[in-house]
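Here is the structure we will look at, set down as structure tokens.
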Amino acid sequence: MITQEQKEITKLDVNKIRIDFPILNTNIYGHSLVYFDNAATTQKPNQVIDSISDYYKNYNSNVHRGVHHLSQMATDRFEEARRTVRDFINAESEKEIIFTRGTSDSINLIASSFGKAFVRKGDRVLITAMEHHSNIVPWQILCEDREAQLDVIPIDEKGELIFEEFEKLLDSDVRILALPYVSNSLGTVNPVKKIIEAAHSHGVPVLLDAAQAVQHIPVDVKELNVDFLAFSSHKIYGPTGMGILYGKEEWLEKIPPYQGGGEMIHTVTFEKTTYNELPFKFEAGTPNIAGAIGLDSALKYVTNLGIDSIHIYENKLYQYALEKLSSIKELTFIGEAKERAGAISFVIENTHPFDVGEILDKQGIAVRTGHHCTEPIMDQFKIPGTIRASFSFYNTKDEVDRLVLGLNRAKQMLL
Ligand code: PLP
């Protein structure tokens, strides 16, 4: 049930919003573009593109080191971005916001630094069966290095985490739990608050991979009481090559630096180096200044539309897409969790996802096909891959209708 208050905040003017995204006017093979590959990367509004161009045109300079005017301007904007991220996820302090290259980089940082400090031979690390490879491989590398054990919480045939199995795996040998807030290939939204509470009751800290969450769902790190949270700028309307790691200050103080170099030091002699304070201790070398400035604009753009309004609008569109896609009788959804967001995955009987994807492409419809960097999920469902349509607030019901038409055409050609 949508309340009156929700109705008030749902009023996104999508036609007006679409004007901000120049790429949405593109024609592909003579058809206007329908972009349903938002889980891979989102398109960028003029506000983001212009802020990056403004930096390079008007105040390009390195940060934190210069006394000169341009450097101070760049530093101010760079640090403003950090405060914007802090406010966006409701962190306690900007010291808890580390700039990285992306979600993968953020997870690697924690696997490496947390691993060095806390994971020993015989310890266990928990992940789930619905991970993106980015939340598998860094932990595998750590566990191999430390002779620790990687345990996987299973999921059921709907793509939901089996909570009882998770509880069975929780014991005093577990050093950390890492899991996705939202699955990139199944769309499952995990009950993360409940999971974090259960983990904490056994003294286990939690890293949330929020790569597919922050752009769809209001995320409040204090409310979740999460220990670490990772996401990528490019999936939330910002530039590529830029990521965020949130960590509770008490944890970040306890773990060693990830990489060495300029910026992350306090003093250096050949005998001994002392490290910079948070967050700079984790930011070696010249950072992605344009990336931070673009991310700042992207988060301000999203905040201006209202993440609650985005959530309501996208949820309606998602339900509409589910209903329309259900009309194709040869179509099977992969992932049917009760709570879902962002992506819908499916297969079409007796067709290969790549062939369907190619025929959609010729009609100007961009979807992703394949394993979506979640090979273990494909193994569990015994399929080579899926067709995945993933949504943004700039998508419309008309575009969903075009997808359904396109799929029917693909069916005619392939079956
Ligand atoms: N985690 C999830 C759930 C993702 O969907 C992705 C990217 O698709 C990643 C991690 C990796 O993000 P990036 O490639 O930006 O590091």
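Counting convention: from 1, in listed order, for ligands and their atoms alike. Numbers here are sequence positions counted from 1.
Here the protein heavy atom with the shortest distance to atom 14 (O) of ligand 1 is S104 OG, 3.8 Å. With hydrogens left out, the protein atom closest to atom 4 (C) of ligand 1 is H132 CD2, 3.3 Å, a heavy atom.
Separation of the Y246 and W251 ring centroids does not fall under the 6.0 Å cut-off. In this structure, F391 has its ring center at least 6.0 angstrom away from the ring center of H216. Under the 6.0 Å cut-off for aromatic ring centres, Y313 and F393 do not qualify, their centroids lying 6.0 Å or more apart.
Of the heavy atoms in P180, none comes closer than 4.0 Å to ligand 1. Contact annotation: for D209 versus ligand 1, heavy atoms closer than 4.0 Å belong to the side chain alone.
Against a heavy-atom cut-off of under 4.0 Å, Q212 is close to the following atoms of ligand 1: 3 (C), 4 (C), 5 (O), 8 (O). Per-residue contacts place N184 under 4.0 angstrom from the following atoms of ligand 1 (heavy atoms of the residue considered): 5 (O). Set against the non-hydrogen atoms of S232, the atoms of ligand 1 under 4.0 Å away are 12 (O), 13 (P), 15 (O), 16 (O).
Residue contact check for ligand 1: N135 places no non-hydrogen atom closer than 4.0 Å to it. Heavy-atom distances between K235 and ligand 1 reach below 4.0 Å in at least one pair. Within the structure, the closest approach of H234 to ligand 1 falls below 4.0 Å when heavy atoms are considered.
Of the N or O atoms in D105, none lie within a sub-3.5 Å distance of an N or O in ligand 1. Backbone and side-chain nitrogen or oxygen atoms of S134 are examined, and none is located within less than 3.5 angstrom of a nitrogen or oxygen of ligand 1.
Side chain to side chain, S392 and Y237 meet the donor-acceptor criterion of an N or O pair below 3.5 Å. Under 3.5 Å, the side chains of Y258 and N108 contain no donor-acceptor pair of N or O atoms.
Taking each heavy atom of S134 and S104 in turn, the nearest pair found is OG-OG, 2.8 Å.
Between E336 and K158, none of the side-chain N atoms (NZ, or NE/NH1/NH2) sits under 4.0 Å from a carboxylate O, so this pair counts as no salt bridge. Ion pairing between a basic and an acidic side chain is recognised when a charged N comes within 4.0 Å of a carboxylate O; D171 and R124 show such pairing.
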